[in-house]
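Values reported hereafter were calculated over all heavy atoms of this structure, with side chains retained and with hydrogens, waters and symmetry mates removed. In what follows, chains carry the letters A, B, and so on, assigned in the order in which the sequence lines appear, proteins first and then strands, with residues in each chain numbered from 1.
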Amino acid sequence: MIPALHMRPRLAPGCRLNEKSQAPRVLLMPERVLRLNGPSLEIVERCDGERTIQQIISELQLLYSKAVPEKVQQDILEYLKLLHDKRAINFE
Amino acid sequence: MTSALQPPLTLIAELTHRCPLHCVYCSNPLEMVQKNKELPKEIWARTLKEAAELGVLQVDFTGGEPAARPDLAELVRAAREAGLYVNLITSGLSLDERRLEELVRAGTDHLQLSFQGAREESPIEFAGVPAQAQKLRVARWARQRAIGLTLNFVVHRQNLDQLEEMISLTEEIGPERVEFANVQYYGWAFANRDLLLPTRTQLDHSLEIIKSAEERLRGKTRVEYVVPDYYARYPKACMGGWGQKAILITPAGDALPCHAAQLIPGMTFENLRKRPLRDIWENSEAFRRFRGEGWMPEPCKSCDRRGLDFGGCRCQAWLVAGNAEQTDPVCSKSPRRLIVDSILARINRNGQSAAPAHSDWTYRVNPG
């Protein structure tokens, strides 16, 4: 499935971030743990079923203002597709 | 091995060996823990806290049937309070909708529901009791709630030809994840191995079916297939390495590096009633015995793959080759591979025969 910009990603049932107080931050999933670095954590934290993919892209383009905006968008779309294939997120 | 010891990621909590099923491939040991020897919930709650402090991220509540313990929801709550991700591995037989709701409210993140096959008669054949309708009810209740769901089909020679039916059932239920796990030959499964090992033809066919299911279900259900390692060229990275990723606690509180470790001769296991979890993980003799590479014989010691499969499975080396300190005999480099090949030759020479009678199986019994 190719993510479209109006879709709202949300963590799938059985997937959640560990607590903010716990380090390192990880995405907890059935039978696995996904370690999250800076940008991947910023993306996963925004998969709340409220924000659209377009909003997530805009927010990260601000956050990483030194990066090429098109590259940020492309990286986010690829990462969301990967998370979807791993069944870590649903698109609403 | 000089790298610093990492904490385990997973605590496998066998809460009880009691179970309403009698699976012919149960991973529990042949000698099971009696009800009156089970750890009380206070010690479990303390252990869950110690585990989280040690660095454990996930707890698997399993058994036997974990729901056979009336205090399961309290243990789920204790695990969540400690900060752990809660995975409940269940047959579904001891759950009604109210109980499942209670477990979800207590904080269960994920349910792994076991299946003996896709048919009404599958649990009767392989677990000695009718259970299919109840399992389907539990799957439906789970789908109506905010909880992750994995279906776990245990596959073997007697049901692998029904793989397509299992995939259809999976598509009807629509879980996030499905596992088709070939039986691993320890415990009760070892006793029934000659009836459970698939033929080469079955295995090749199943790989094609799985491949097309993976493509069809992509983005809906994640498909995982565990192949029987007797057919593999190299051994599995058993438990992600001895004393590396997981710690298993028996119903009586013994801490083991894997499900079957008790069958290896000369092992002593520490008990949580007497020793803290961290101390057991870091210092106990049982966890240190095969940790790292120091114990390895040839051909493992000089093998390029030793950091990938860690010499394979110690329990299998004992069960099949009679020596826990040797290379896993499924490895094509093992001098004992001949033993595995002769077992496979026998299975494949006989091919698929008529379905076994009830009396041909050794069914798992229940502890008193």
Worksheet item: Where on Ile147(B) is there a heavy atom nearer than 4.5 Å to chain A: the side chain, the backbone, both, or neither?
Response: backbone
Worksheet item: Does the side chain of Arg177(B) come within less than 4.5 Å of Glu31(A)'s, by heavy atoms?
Response: yes
Worksheet, complete the sentence: Heavy atoms of Arg16(A) and Asp109(B) approach each other most closely as NE-OD1, 2.6 Å
Worksheet item: Looking at Arg222(B) and Asp85(A), what are the two nearest heavy atoms and their distance?
Response: NH1-O, 4.1 Å
Worksheet item: Do you know which of Arg32(A), Gln22(A), Lys86(A) has the most heavy-atom pairs under 4.5 Å to chain B?
Response: Arg32(A)
Worksheet item: Which region of Thr108(B), side chain (C-beta onward) or backbone (N, CA, C, O), has a non-hydrogen atom less than 4.5 Å from a non-hydrogen atom of chain A, or is it both or neither?
Response: neither
Worksheet item: Crowded around Arg105(B) CZ? As in, over 12 foreign heavy atoms under 6.0 Å?
Response: no
Worksheet item: Pick from Ala52(B), Gly219(B), Gly55(B), Gly148(B): which one has the most heavy-atom pairs with chain A under 4.5 Å?
Response: Gly219(B)
Response to the item:
For Tyr85(B) and Met29(A) the tightest heavy-atom approach is OH-C, 3.5 Å
Practice prompt. Could you have a look at Glu179(B), Gln112(B), Lys220(B) and say which one has the most heavy-atom pairs with chain A under 4.5 angstrom?
Written response: Lys220(B)
Worksheet entry | Approximate separation, where rounding is to 0.5 Å, of Glu176(B) CD and Ile89(A) CD1 | 13.0 Å
Discussion item. Heavy-atom cut-off 4.5 Å, strictly under: side chain, backbone, both or neither for Leu84(B) against chain A?
Written reply: backbone
Item to complete: Kindly compute the distance separating CG (Leu28(A)) from CG (Asn87(B)), expressed to the nearest 0.5 Å.
Response: 11.5 Å
Worksheet item: Shortest non-hydrogen contact from Val33(A) to Gln58(B)?
Response: CG2-NE2, 3.6 Å
